[in-house]
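For reference, the structure discussed in these notes is given below.
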Amino acid sequence: MQPLHLRSRLLVYGTFALAMALASLHLPPWLDRFRPDWVGLVLVYWAMALPHRVNVGTGWVLGLITDAAQGTLLGQHALGLAAVAFLTVRFHQRIRVYPPWQQALSVLVFLLVDQLLVIWINGITGYAPPDFWYLAPPIGGMLVWPAVYILMRDLRRRFQVS
Amino acid sequence: MAHLSSEHKPLFAPETAASIRLFICAVLSVALMTVDHRQHHLEALRNVLATSIYPLQMLAQLPYAAVDWATETFESRAALLAENTRLRERQLFINAQLQKLTALEAENRRLRGLLESTVNVAAERVLIAELIAVDFDPYRHQILINRGSQNGARVGQPLIDEHGIVGQLSHVNLTTSSAVLITDLSHALPVQINRNGIRSLAVGTGRFHELELPNIPNNGDIRVGDLIITSGLGGRFPRGYPVARVTRVEFDPSRPFAKVFAQPTAALDRVREVLLILDDIPDPSRGEKPAPLPEKSERVAAPPAKR
(Lines give C-alpha, C1' and ligand atoms only; values in the text may rest on other atoms or scores of the structure.)
Protein backbone atom coordinates (compact mmCIF):
# COMPACT_ATOMS: atom_id res chain seq x y z
CA MET A 1 0.00 0.00 0.00
CA GLN A 2 1.36 3.32 -0.99
CA PRO A 3 0.58 6.32 1.15
CA LEU A 4 -2.28 8.44 -0.07
CA HIS A 5 -1.54 11.40 -2.28
CA LEU A 6 -1.62 14.76 -0.61
CA ARG A 7 -4.70 15.72 -2.62
CA SER A 8 -6.59 12.60 -1.56
CA ARG A 9 -5.53 13.13 2.01
CA LEU A 10 -6.84 16.69 1.89
CA LEU A 11 -10.18 15.45 0.54
CA VAL A 12 -10.57 12.91 3.35
CA TYR A 13 -9.60 15.40 6.06
CA GLY A 14 -11.69 18.15 4.44
CA THR A 15 -14.86 16.08 4.43
CA PHE A 16 -14.31 15.12 8.06
CA ALA A 17 -13.77 18.78 8.98
CA LEU A 18 -16.95 19.79 7.16
CA ALA A 19 -18.86 17.04 8.96
CA MET A 20 -17.56 18.34 12.30
CA ALA A 21 -18.69 21.87 11.44
CA LEU A 22 -22.13 20.56 10.47
CA ALA A 23 -22.30 18.70 13.78
CA SER A 24 -21.77 21.98 15.68
CA LEU A 25 -24.07 24.07 13.48
CA HIS A 26 -26.71 25.74 15.59
CA LEU A 27 -30.15 24.44 14.64
CA PRO A 28 -33.65 25.15 15.93
CA PRO A 29 -34.62 22.53 18.54
CA TRP A 30 -37.19 20.68 16.42
CA LEU A 31 -34.60 20.13 13.70
CA ASP A 32 -31.82 19.46 16.19
CA ARG A 33 -33.62 16.30 17.30
CA PHE A 34 -33.15 14.71 13.88
CA ARG A 35 -29.64 16.01 13.28
CA PRO A 36 -27.76 13.09 11.71
CA ASP A 37 -24.36 12.18 13.04
CA TRP A 38 -22.51 13.74 10.09
CA VAL A 39 -19.11 12.59 11.30
CA GLY A 40 -20.46 9.05 11.60
CA LEU A 41 -21.88 9.13 8.07
CA VAL A 42 -18.66 10.40 6.51
CA LEU A 43 -16.71 7.85 8.54
CA VAL A 44 -18.94 5.03 7.25
CA TYR A 45 -18.34 6.20 3.68
CA TRP A 46 -14.57 6.37 3.92
CA ALA A 47 -14.27 3.18 5.94
CA MET A 48 -16.34 1.48 3.25
CA ALA A 49 -14.40 2.97 0.33
CA LEU A 50 -10.90 2.88 1.84
CA PRO A 51 -11.00 0.26 4.59
CA HIS A 52 -7.21 0.06 4.65
CA ARG A 53 -6.75 3.79 5.24
CA VAL A 54 -9.74 4.77 7.33
CA ASN A 55 -10.09 2.29 10.11
CA VAL A 56 -10.95 1.84 13.76
CA GLY A 57 -8.18 4.18 14.88
CA THR A 58 -9.45 6.95 12.59
CA GLY A 59 -12.90 6.61 14.10
CA TRP A 60 -11.48 6.76 17.60
CA VAL A 61 -9.49 9.93 17.00
CA LEU A 62 -12.48 11.57 15.26
CA GLY A 63 -14.63 10.59 18.22
CA LEU A 64 -12.16 12.15 20.63
CA ILE A 65 -12.32 15.44 18.73
CA THR A 66 -16.12 15.17 18.65
CA ASP A 67 -16.10 14.73 22.42
CA ALA A 68 -14.18 17.95 22.86
CA ALA A 69 -16.52 19.73 20.42
CA GLN A 70 -19.70 18.42 22.02
CA GLY A 71 -18.62 18.81 25.61
CA THR A 72 -19.10 15.13 26.41
CA LEU A 73 -16.77 12.86 28.35
CA LEU A 74 -13.50 12.32 26.51
CA GLY A 75 -13.76 8.85 25.03
CA GLN A 76 -17.52 8.66 24.76
CA HIS A 77 -18.01 9.37 21.06
CA ALA A 78 -14.55 7.88 20.52
CA LEU A 79 -15.88 4.49 21.59
CA GLY A 80 -19.02 4.89 19.48
CA LEU A 81 -17.22 5.90 16.30
CA ALA A 82 -14.56 3.22 16.76
CA ALA A 83 -17.41 0.71 16.83
CA VAL A 84 -18.94 2.26 13.70
CA ALA A 85 -15.60 2.04 11.90
CA PHE A 86 -15.15 -1.56 13.00
CA LEU A 87 -18.59 -2.62 11.80
CA THR A 88 -18.14 -0.82 8.48
CA VAL A 89 -14.72 -2.34 7.82
CA ARG A 90 -16.08 -5.73 8.82
CA PHE A 91 -18.96 -5.55 6.33
CA HIS A 92 -17.54 -3.18 3.72
CA GLN A 93 -17.56 -5.69 0.88
CA ARG A 94 -21.21 -6.45 1.35
CA ILE A 95 -22.31 -2.83 1.80
CA ARG A 96 -20.38 -1.66 -1.23
CA VAL A 97 -22.53 -3.65 -3.64
CA TYR A 98 -25.87 -2.75 -2.10
CA PRO A 99 -27.97 -0.04 -3.74
CA PRO A 100 -27.94 3.18 -1.68
CA TRP A 101 -31.34 2.64 -0.06
CA GLN A 102 -30.27 -0.78 1.18
CA GLN A 103 -26.98 0.66 2.39
CA ALA A 104 -29.07 3.13 4.35
CA LEU A 105 -30.50 0.28 6.42
CA SER A 106 -27.01 -0.94 7.35
CA VAL A 107 -26.03 2.65 8.13
CA LEU A 108 -29.06 2.89 10.43
CA VAL A 109 -27.82 -0.14 12.35
CA PHE A 110 -24.27 1.24 12.63
CA LEU A 111 -25.50 4.65 13.78
CA LEU A 112 -27.86 3.01 16.28
CA VAL A 113 -24.95 1.08 17.79
CA ASP A 114 -23.02 4.35 18.05
CA GLN A 115 -25.95 6.24 19.56
CA LEU A 116 -26.81 3.50 22.05
CA LEU A 117 -23.18 3.35 23.24
CA VAL A 118 -23.13 7.13 23.71
CA ILE A 119 -26.53 7.21 25.42
CA TRP A 120 -25.58 4.28 27.62
CA ILE A 121 -22.48 6.13 28.84
CA ASN A 122 -24.61 9.25 29.29
CA GLY A 123 -26.93 7.20 31.49
CA ILE A 124 -24.07 5.84 33.59
CA THR A 125 -22.77 9.36 34.22
CA GLY A 126 -26.16 10.73 35.24
CA TYR A 127 -27.48 12.14 31.97
CA ALA A 128 -30.18 9.56 31.36
CA PRO A 129 -32.28 10.61 28.35
CA PRO A 130 -35.77 11.67 29.40
CA ASP A 131 -37.58 10.15 26.38
CA PHE A 132 -37.06 8.14 23.23
CA TRP A 133 -36.06 11.06 21.03
CA TYR A 134 -32.48 9.78 21.11
CA LEU A 135 -33.54 7.29 18.43
CA ALA A 136 -34.24 10.16 16.01
CA PRO A 137 -30.65 11.06 14.95
CA PRO A 138 -29.87 7.58 13.53
CA ILE A 139 -33.13 7.72 11.57
CA GLY A 140 -32.14 11.16 10.28
CA GLY A 141 -28.79 9.65 9.31
CA MET A 142 -30.51 6.82 7.43
CA LEU A 143 -32.66 9.29 5.51
CA VAL A 144 -29.76 11.45 4.34
CA TRP A 145 -27.41 8.52 3.62
CA PRO A 146 -28.28 8.08 -0.10
CA ALA A 147 -27.55 11.77 -0.74
CA VAL A 148 -24.33 11.64 1.31
CA TYR A 149 -23.27 8.47 -0.49
CA ILE A 150 -23.80 9.85 -3.99
CA LEU A 151 -22.10 13.16 -3.13
CA MET A 152 -19.11 11.45 -1.55
CA ARG A 153 -18.79 8.94 -4.38
CA ASP A 154 -18.73 11.70 -6.97
CA LEU A 155 -16.18 13.62 -4.93
CA ARG A 156 -14.02 10.53 -4.59
CA ARG A 157 -14.16 9.83 -8.33
CA ARG A 158 -13.40 13.42 -9.26
CA PHE A 159 -10.36 13.47 -6.99
CA GLN A 160 -9.49 9.88 -7.96
CA VAL A 161 -9.05 8.71 -4.42
CA SER A 162 -8.59 4.98 -4.09
CA MET B 1 1.17 -15.33 -4.83
CA ALA B 2 -0.54 -12.59 -6.74
CA HIS B 3 -3.35 -10.72 -5.12
CA LEU B 4 -6.75 -11.10 -6.63
CA SER B 5 -7.33 -7.41 -6.67
CA SER B 6 -5.83 -5.52 -9.54
CA GLU B 7 -4.80 -2.66 -7.26
CA HIS B 8 -2.48 -4.89 -5.19
CA LYS B 9 -4.65 -4.64 -2.14
CA PRO B 10 -5.52 -7.73 -0.14
CA LEU B 11 -9.06 -8.78 -0.97
CA PHE B 12 -10.11 -9.22 2.64
CA ALA B 13 -9.67 -6.54 5.23
CA PRO B 14 -7.55 -7.72 8.11
CA GLU B 15 -10.47 -8.49 10.38
CA THR B 16 -8.48 -9.81 13.28
CA ALA B 17 -6.38 -6.67 13.21
CA ALA B 18 -9.58 -4.60 13.20
CA SER B 19 -11.02 -6.39 16.21
CA ILE B 20 -7.75 -6.02 18.10
CA ARG B 21 -7.78 -2.32 17.26
CA LEU B 22 -11.38 -2.04 18.44
CA PHE B 23 -10.44 -3.72 21.70
CA ILE B 24 -7.51 -1.35 22.27
CA CYS B 25 -9.69 1.66 21.42
CA ALA B 26 -12.44 0.49 23.77
CA VAL B 27 -9.97 0.05 26.63
CA LEU B 28 -8.48 3.48 25.93
CA SER B 29 -11.94 5.02 25.81
CA VAL B 30 -13.02 3.52 29.10
CA ALA B 31 -9.77 4.63 30.73
CA LEU B 32 -10.15 8.17 29.37
CA MET B 33 -13.78 8.43 30.40
CA THR B 34 -13.06 7.19 33.89
CA VAL B 35 -10.26 9.68 34.38
CA ASP B 36 -12.31 12.49 32.82
CA HIS B 37 -15.35 11.73 34.95
CA ARG B 38 -13.67 11.08 38.29
CA GLN B 39 -10.78 13.49 38.23
CA HIS B 40 -10.03 16.47 36.10
CA HIS B 41 -6.55 15.75 34.84
CA LEU B 42 -7.52 15.88 31.20
CA GLU B 43 -8.01 19.62 30.94
CA ALA B 44 -4.80 19.98 28.94
CA LEU B 45 -5.87 17.36 26.38
CA ARG B 46 -9.35 18.87 26.18
CA ASN B 47 -7.88 22.32 25.65
CA VAL B 48 -5.66 21.08 22.81
CA LEU B 49 -8.63 19.39 21.12
CA ALA B 50 -10.91 22.37 21.71
CA THR B 51 -8.34 24.74 20.22
CA SER B 52 -7.92 22.51 17.18
CA ILE B 53 -11.66 22.57 16.43
CA TYR B 54 -12.02 26.30 17.06
CA PRO B 55 -11.81 27.14 13.30
CA LEU B 56 -14.56 24.60 12.62
CA GLN B 57 -16.78 26.12 15.28
CA MET B 58 -16.19 29.53 13.71
CA LEU B 59 -17.18 28.01 10.37
CA ALA B 60 -20.35 26.58 11.89
CA GLN B 61 -21.21 29.92 13.42
CA LEU B 62 -20.60 31.82 10.17
CA PRO B 63 -24.21 31.73 8.85
CA TYR B 64 -25.48 33.26 12.08
CA ALA B 65 -22.76 35.88 12.15
CA ALA B 66 -23.57 36.77 8.54
CA VAL B 67 -27.28 37.15 9.28
CA ASP B 68 -26.50 39.32 12.31
CA TRP B 69 -24.14 41.48 10.29
CA ALA B 70 -26.69 41.86 7.49
CA THR B 71 -29.53 42.86 9.81
CA GLU B 72 -27.32 45.39 11.55
CA THR B 73 -25.99 46.82 8.31
CA PHE B 74 -29.23 47.07 6.42
CA GLU B 75 -31.44 48.15 9.27
CA SER B 76 -33.29 51.31 8.39
CA ARG B 77 -32.43 54.66 9.95
CA ALA B 78 -35.91 54.93 11.44
CA ALA B 79 -35.58 51.59 13.19
CA LEU B 80 -32.18 52.59 14.59
CA LEU B 81 -33.54 55.91 15.82
CA ALA B 82 -36.49 54.19 17.47
CA GLU B 83 -34.18 51.71 19.17
CA ASN B 84 -31.93 54.55 20.27
CA THR B 85 -34.84 56.39 21.85
CA ARG B 86 -36.02 53.25 23.57
CA LEU B 87 -32.58 52.52 24.97
CA ARG B 88 -32.16 56.10 26.16
CA GLU B 89 -35.47 55.93 28.01
CA ARG B 90 -34.48 52.65 29.52
CA GLN B 91 -31.15 54.04 30.65
CA LEU B 92 -32.91 56.99 32.28
CA PHE B 93 -35.17 54.59 34.12
CA ILE B 94 -32.27 52.40 35.24
CA ASN B 95 -30.21 55.42 36.32
CA ALA B 96 -33.11 56.62 38.45
CA GLN B 97 -33.24 53.23 40.13
CA LEU B 98 -29.48 53.26 40.53
CA GLN B 99 -29.57 56.54 42.49
CA LYS B 100 -31.78 54.86 45.05
CA LEU B 101 -29.48 51.82 45.04
CA THR B 102 -26.41 53.95 45.75
CA ALA B 103 -28.12 55.47 48.79
CA LEU B 104 -29.28 52.04 49.92
CA GLU B 105 -25.82 50.57 49.44
CA ALA B 106 -24.26 53.33 51.54
CA GLU B 107 -26.86 52.85 54.23
CA ASN B 108 -26.42 49.08 54.12
CA ARG B 109 -22.67 49.43 54.50
CA ARG B 110 -23.09 51.81 57.44
CA LEU B 111 -25.54 49.47 59.17
CA ARG B 112 -23.32 46.47 58.55
CA GLY B 113 -20.44 48.49 59.93
CA LEU B 114 -22.45 49.04 63.09
CA LEU B 115 -23.10 45.31 63.26
CA GLU B 116 -19.43 44.58 62.49
CA SER B 117 -20.49 42.31 59.65
CA THR B 118 -17.99 41.54 56.93
CA VAL B 119 -20.37 41.03 54.03
CA ASN B 120 -19.16 42.95 51.03
CA VAL B 121 -21.91 44.69 49.10
CA ALA B 122 -19.65 46.31 46.53
CA ALA B 123 -20.42 45.70 42.88
CA GLU B 124 -18.46 42.98 41.11
CA ARG B 125 -16.19 43.49 38.14
CA VAL B 126 -17.83 42.11 35.02
CA LEU B 127 -16.93 41.36 31.43
CA ILE B 128 -19.41 41.21 28.56
CA ALA B 129 -19.25 37.99 26.59
CA GLU B 130 -21.13 36.92 23.50
CA LEU B 131 -22.43 33.47 22.85
CA ILE B 132 -20.96 31.57 19.91
CA ALA B 133 -23.82 29.93 18.06
CA VAL B 134 -22.74 26.30 18.14
CA ASP B 135 -24.63 23.31 19.46
CA PHE B 136 -23.36 20.88 22.04
CA ASP B 137 -24.55 17.45 23.01
CA PRO B 138 -28.36 17.85 23.32
CA TYR B 139 -28.42 16.21 26.76
CA ARG B 140 -25.96 18.65 28.27
CA HIS B 141 -26.85 22.26 28.84
CA GLN B 142 -23.70 24.01 27.78
CA ILE B 143 -22.89 27.18 25.90
CA LEU B 144 -19.74 28.51 24.28
CA ILE B 145 -18.72 32.14 24.87
CA ASN B 146 -16.12 34.26 23.14
CA ARG B 147 -13.95 34.95 26.21
CA GLY B 148 -11.06 32.79 27.27
CA SER B 149 -8.08 32.71 29.58
CA GLN B 150 -6.51 35.65 27.74
CA ASN B 151 -9.50 37.79 28.82
CA GLY B 152 -9.14 36.70 32.43
CA ALA B 153 -11.73 33.94 32.40
CA ARG B 154 -11.21 31.11 34.86
CA VAL B 155 -13.06 27.88 35.55
CA GLY B 156 -15.93 28.44 37.96
CA GLN B 157 -16.63 32.08 37.23
CA PRO B 158 -20.37 32.80 37.22
CA LEU B 159 -22.30 34.05 34.22
CA ILE B 160 -25.34 36.29 34.53
CA ASP B 161 -27.66 37.99 32.10
CA GLU B 162 -29.93 40.96 32.69
CA HIS B 163 -32.48 38.81 34.52
CA GLY B 164 -30.41 36.49 36.65
CA ILE B 165 -27.85 33.72 36.97
CA VAL B 166 -27.11 31.81 33.77
CA GLY B 167 -24.39 29.35 34.70
CA GLN B 168 -20.71 28.99 35.36
CA LEU B 169 -17.59 28.36 33.29
CA SER B 170 -16.65 24.71 33.05
CA HIS B 171 -13.75 24.72 30.58
CA VAL B 172 -11.58 27.67 29.67
CA ASN B 173 -9.55 27.76 26.46
CA LEU B 174 -7.38 30.55 25.17
CA THR B 175 -10.07 32.56 23.38
CA THR B 176 -13.28 30.72 24.19
CA SER B 177 -14.83 29.09 27.22
CA SER B 178 -17.65 26.67 27.65
CA ALA B 179 -20.10 27.19 30.45
CA VAL B 180 -22.54 24.81 32.07
CA LEU B 181 -26.02 26.26 32.57
CA ILE B 182 -27.82 26.10 35.90
CA THR B 183 -30.40 23.75 34.37
CA ASP B 184 -27.78 21.10 33.49
CA LEU B 185 -28.40 17.78 35.22
CA SER B 186 -25.02 17.89 36.95
CA HIS B 187 -25.44 21.42 38.25
CA ALA B 188 -26.64 22.68 41.59
CA LEU B 189 -26.24 26.05 43.20
CA PRO B 190 -26.81 27.26 46.74
CA VAL B 191 -29.84 29.55 46.93
CA GLN B 192 -32.21 31.10 49.40
CA ILE B 193 -35.77 32.32 49.24
CA ASN B 194 -35.76 36.08 49.05
CA ARG B 195 -38.87 36.50 51.19
CA ASN B 196 -37.70 34.64 54.30
CA GLY B 197 -34.13 33.51 53.77
CA ILE B 198 -34.77 29.75 53.77
CA ARG B 199 -31.69 28.15 52.24
CA SER B 200 -31.74 25.38 49.69
CA LEU B 201 -30.09 24.11 46.55
CA ALA B 202 -31.37 24.74 43.04
CA VAL B 203 -30.66 21.57 41.09
CA GLY B 204 -30.82 21.39 37.30
CA THR B 205 -33.43 19.11 35.78
CA GLY B 206 -32.16 18.96 32.21
CA ARG B 207 -35.07 21.13 31.07
CA PHE B 208 -34.46 24.77 30.20
CA HIS B 209 -37.44 26.11 32.09
CA GLU B 210 -37.20 24.19 35.32
CA LEU B 211 -35.02 23.95 38.42
CA GLU B 212 -35.77 21.75 41.39
CA LEU B 213 -35.34 22.63 45.05
CA PRO B 214 -34.97 19.17 46.54
CA ASN B 215 -34.66 19.80 50.25
CA ILE B 216 -37.45 22.11 51.33
CA PRO B 217 -39.28 20.43 54.25
CA ASN B 218 -43.01 19.77 53.92
CA ASN B 219 -43.78 22.44 56.48
CA GLY B 220 -41.37 24.91 54.86
CA ASP B 221 -42.70 28.36 54.13
CA ILE B 222 -42.60 28.47 50.36
CA ARG B 223 -45.23 29.64 47.91
CA VAL B 224 -45.68 29.83 44.18
CA GLY B 225 -44.18 33.09 42.95
CA ASP B 226 -41.42 33.33 45.55
CA LEU B 227 -38.19 34.75 44.17
CA ILE B 228 -35.14 32.57 44.68
CA ILE B 229 -31.77 34.30 44.92
CA THR B 230 -28.21 33.10 45.31
CA SER B 231 -27.17 32.68 48.91
CA GLY B 232 -23.45 33.16 48.31
CA LEU B 233 -22.66 29.94 50.17
CA GLY B 234 -20.23 27.65 48.43
CA GLY B 235 -18.14 30.62 47.36
CA ARG B 236 -18.92 30.27 43.65
CA PHE B 237 -21.81 32.65 43.02
CA PRO B 238 -22.04 36.13 44.53
CA ARG B 239 -24.99 36.50 46.86
CA GLY B 240 -28.19 38.31 46.05
CA TYR B 241 -28.61 37.61 42.34
CA PRO B 242 -32.02 36.35 41.20
CA VAL B 243 -32.01 32.73 40.10
CA ALA B 244 -35.58 31.58 39.61
CA ARG B 245 -39.19 32.03 40.55
CA VAL B 246 -41.18 29.23 42.19
CA THR B 247 -43.75 27.81 39.78
CA ARG B 248 -44.97 24.64 41.46
CA VAL B 249 -45.05 23.39 45.06
CA GLU B 250 -46.35 19.92 45.86
CA PHE B 251 -46.73 18.86 49.46
CA ASP B 252 -46.94 15.11 49.87
CA PRO B 253 -47.17 13.95 53.49
CA SER B 254 -45.67 10.57 52.60
CA ARG B 255 -42.40 12.18 51.57
CA PRO B 256 -39.98 14.00 53.84
CA PHE B 257 -39.53 16.93 51.47
CA ALA B 258 -41.85 18.99 49.36
CA LYS B 259 -41.44 18.92 45.58
CA VAL B 260 -40.58 22.46 44.61
CA PHE B 261 -39.97 23.56 41.03
CA ALA B 262 -38.91 26.97 39.86
CA GLN B 263 -38.43 28.66 36.52
CA PRO B 264 -35.07 30.37 35.94
CA THR B 265 -35.40 34.14 35.60
CA ALA B 266 -32.62 34.24 32.99
CA ALA B 267 -33.68 33.42 29.43
CA LEU B 268 -31.42 30.38 29.26
CA ASP B 269 -32.41 29.12 25.84
CA ARG B 270 -32.55 32.54 24.18
CA VAL B 271 -29.64 34.38 25.78
CA ARG B 272 -27.23 36.05 23.33
CA GLU B 273 -24.99 38.12 25.58
CA VAL B 274 -23.90 37.36 29.11
CA LEU B 275 -21.89 39.05 31.82
CA LEU B 276 -18.95 37.19 33.23
CA ILE B 277 -18.27 38.05 36.86
CA LEU B 278 -14.50 38.27 37.20
CA ASP B 279 -13.93 38.93 40.88
CA ASP B 280 -13.32 36.27 43.42
CA ILE B 281 -16.42 35.89 45.47
CA PRO B 282 -15.67 36.96 49.05
CA ASP B 283 -16.35 34.44 51.77
CA PRO B 284 -19.85 34.70 53.10
CA SER B 285 -20.29 36.26 56.50
CA ARG B 286 -17.98 34.80 59.11
CA GLY B 287 -20.83 33.78 61.38
CA GLU B 288 -22.05 31.00 59.14
CA LYS B 289 -19.49 28.60 57.86
CA PRO B 290 -19.76 27.87 54.15
CA ALA B 291 -20.57 24.32 53.23
CA PRO B 292 -17.34 22.45 52.51
CA LEU B 293 -16.83 22.19 48.79
CA PRO B 294 -16.60 18.65 47.52
CA GLU B 295 -13.75 17.26 45.49
CA LYS B 296 -15.74 17.70 42.29
CA SER B 297 -16.11 21.42 42.77
CA GLU B 298 -14.24 22.06 39.53
CA ARG B 299 -17.40 21.22 37.67
CA VAL B 300 -20.35 21.99 39.92
CA ALA B 301 -20.94 24.43 42.70
CA ALA B 302 -22.31 21.82 45.01
CA PRO B 303 -23.11 18.15 44.51
CA PRO B 304 -26.62 17.46 43.33
CA ALA B 305 -28.54 16.27 46.33
CA LYS B 306 -30.30 13.47 44.51
CA ARG B 307 -27.17 11.50 43.80
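Chain naming here is simple, since letters A, B, ... match the order of the sequence lines and numbering starts at 1 in each.
Only the side chain of B:P63 comes within contact range of chain A, with at least one heavy atom under 4.5 Å from a heavy atom of that chain. Looking at B:D184, only its side chain comes within 4.5 Å of chain A, counting heavy atoms on both sides. Only the side chain of B:I53 has a heavy atom closer than 4.5 Å to any heavy atom of chain A. The contact between B:L28 and chain A is made by backbone and side chain atoms together, counting heavy-atom distances below 4.5 Å.
With rounding to the nearest 0.5 angstrom, the CG atom of A:L79 is 5.0 Å from the CE atom of B:M33. To the nearest 0.5 Å, atom CZ of residue B:F23 and atom CZ of residue A:F86 are 12.5 Å apart. Between atom CG of residue A:L74 and atom OG1 of residue B:T34 there is a gap of 11.5 Å, rounded to the nearest 0.5 Å.
Residues B:S29 and A:W60 share a closest heavy-atom pair of OG-NE1, 2.7 Å. Heavy-atom minimum distance, A:Q70 versus B:Q142: O-OE1, 3.8 Å. Taking every heavy atom of both residues into account, B:P138 and A:D32 meet most closely at CB-OD2, 4.3 Å. Listed here is the closest heavy atom pair of A:S24 and B:Q57: OG-CG, 4.4 Å. Minimum heavy-atom separation, B:L49 to A:A68: CB-CB, 3.4 Å. When all heavy atoms of B:R46 and A:D67 are compared, the closest pair comes out as NH1-O, 3.9 Å.
Contact count against chain B (heavy-atom pairs under 4.5 Å) is highest for A:T72 among A:T66, A:T72, A:I65. Ranking A:L25, A:L117, A:I121 against chain B, the residue ahead of the rest is A:L25, based on heavy-atom pairs under 4.5 Å. Comparing A:A78, A:A23, A:A69 by heavy-atom pairs within less than 4.5 Å of chain B, the highest count is held by A:A69. Between chain B and the residues A:Q76, A:M20, A:H77, the largest count of heavy-atom pairs under 4.5 Å involves A:Q76. The residue among A:L64, A:L22, A:V118, A:L18 with the most heavy atom pairs within less than 4.5 Å of chain B is A:L64.
Crowding of A:L143 atom CG: a count of heavy atoms from other residues, nucleotides or ligands under 6.0 Å exceeding 12. Summarising the local packing, CZ of A:R94 is surrounded by 12 or fewer heavy atoms from other residues, nucleotides or ligands at distances under 6.0 Å.
At least one donor-acceptor pair under 3.5 Å links the side chain of B:Y64 to the backbone N or O of A:H26.
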Quick one: do A:R35 and B:D135 satisfy salt bridge (charged side-chain N to carboxylate O under 4.0 Å, His left out)? Show the steps, please. CA-CA 11 Å; A:R35 181 205 304 263; B:D135 278 357; 2.6 Å; yes

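No side-chain donor from either of A:Y127 and B:D137 sits under 3.5 Å from a side-chain acceptor of the other.
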